[in-house]
Amino acid sequence: MFSLKGRTALITGSGQGIGFELARGLAGAGAAVILNDIDNEKLAKAAEKIRAEGATVHELGFDVTDPAAVATAVDGFEADNGPIDILVNNAGMQFRAPLEEFPIDRFDFMMRLNINSAFYVGQAVAKHMIARGGGKIVNICSVQTALARPSIAPYTASKGAMANMTKGMSTDWAKHGLQVNGLAPGYFKTELTSALVADEEFTAWLSGRTPAGRWGDVSELVGACVFLSSPAASFVNGHILYVDGGITVSL
Ligand code: NAP
């Protein structure tokens, strides 16, 4: 029920961090994986690591914020290699500043990367999935899908939009056999959060605020992603699955 043998999964922004770990996890469940990143060198190194564990790994470097590049890459992969059965829209960024001073160009860039990209890649992949009558899409949301924090209002807006994009994709595409769901990580140790991990005051606050009492390890996201990508989730549509040590259920 949870096997991904014979499936191919595209994970955006998987040169490092959560995307890399999810790609590794999907490969561990039997999928061939397509790694994507904007940095081809990083992509090659990441692919080598997963290949060394015995998986089939493709490298597909493209900028997820460029709709023409996205369509060319996705259509080209499908034509040359066959179906993309699973898409994980993971690429995303953070930028912190008080909202009254938040640079407008940073806001626009963040929206393109955190939310527009899910539409660009989602649409390009879903066209093929719809023609085949099936597929899985997992959109990476966040604790900030549900809760705000000082200095990251635009990120919060983008991750709230990601959850509603998930609901919209489900509403349009469930009838074509697609399951689209969101995976919402709490606080995980990655390059994106390295400044916060190093900040002792923040780490003490986070440990007190999280019922589980600690940062998450990225390996703890894998089970949820495998579930949402697998036949086990065949009637799960538009759900946002929080993997957060309980931070969004308690005050
Ligand atoms: P990360 O370490 O910064 O990894 C993101 C990856 O995406 C990087 O390799 C980055 O490459 C790549 N990327 C950036 N722009 C791209 C583009 N235009 N096209 C293709 N790839 C691009 O971030 P992360 O912490 O793993 O986060 C991954 C996702 O999880 C994000 O959506 C984030 O919002 C979400 N999330 C993270 C946490 C957490 O605790 N870390 C919690 C909740 C949600 P470059 O480094 O070369 O730019």
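Since we're looking at a predicted model, the values are computed, not measured. Whatever order the structure lists ligands and atoms in, that order sets their numbers, starting from 1.
- For the atom pair Leu113 CG and Asp63 CG, the distance stands at 8.0 Å (nearest 0.5 Å).
- Applying the salt bridge (charged side-chain N to carboxylate O under 4.0 Å, His left out) rule to Arg51 yields the partners Glu48, Glu59; only residues at least two apart in sequence or on another chain are considered.
- In this structure, Arg149 forms a cation-pi arrangement with Trp205, its terminal cationic atom sitting closer than 6.0 Å to the ring centre and no more than 45° off the ring axis.
- Applying the salt bridge (charged side-chain N to carboxylate O under 4.0 Å, His left out) criterion to Glu191, with sequence neighbours excluded, gives no partner residue.
- Looking at residues two or more places apart in sequence or on another chain, you find no ring pair (Phe, Tyr, Trp, His ring centres under 6.0 Å) involving Phe2.
- Side-chain polar atoms of Asn237 and Ser170 form no donor-acceptor pair below 3.5 angstrom.
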Measure from every N or O atom of ligand 1 to the protein's N or O atoms and keep only the pairs below 3.5 Å, writing each with atom names and distance to 0.1 Å.
residue: ligand 1; atom: 2 (O); partner: Gln16; partner atom: NE2; Å: 2.8
residue: ligand 1; atom: 9 (O); partner: Asp37; partner atom: OD2; Å: 2.7
residue: ligand 1; atom: 9 (O); partner: Lys42; partner atom: NZ; Å: 3.2
residue: ligand 1; atom: 11 (O); partner: Asp37; partner atom: OD1; Å: 3.1
residue: ligand 1; atom: 11 (O); partner: Lys42; partner atom: NZ; Å: 3.4
residue: ligand 1; atom: 18 (N); partner: Asp63; partner atom: OD1; Å: 2.8
residue: ligand 1; atom: 19 (N); partner: Val64; partner atom: N; Å: 3.1
residue: ligand 1; atom: 21 (N); partner: Ile38; partner atom: N; Å: 3.4
residue: ligand 1; atom: 25 (O); partner: Thr190; partner atom: OG1; Å: 2.6
residue: ligand 1; atom: 26 (O); partner: Ile18; partner atom: N; Å: 2.7
residue: ligand 1; atom: 32 (O); partner: Asn90; partner atom: O; Å: 2.7
residue: ligand 1; atom: 32 (O); partner: Lys159; partner atom: NZ; Å: 2.9
residue: ligand 1; atom: 34 (O); partner: Tyr155; partner atom: OH; Å: 2.6
residue: ligand 1; atom: 34 (O); partner: Lys159; partner atom: NZ; Å: 3.2
residue: ligand 1; atom: 40 (O); partner: Phe188; partner atom: N; Å: 2.8
residue: ligand 1; atom: 40 (O); partner: Phe188; partner atom: O; Å: 3.1
residue: ligand 1; atom: 41 (N); partner: Thr190; partner atom: OG1; Å: 2.9
residue: ligand 1; atom: 46 (O); partner: Lys42; partner atom: NZ; Å: 2.7
residue: ligand 1; atom: 47 (O); partner: Lys42; partner atom: NZ; Å: 3.1

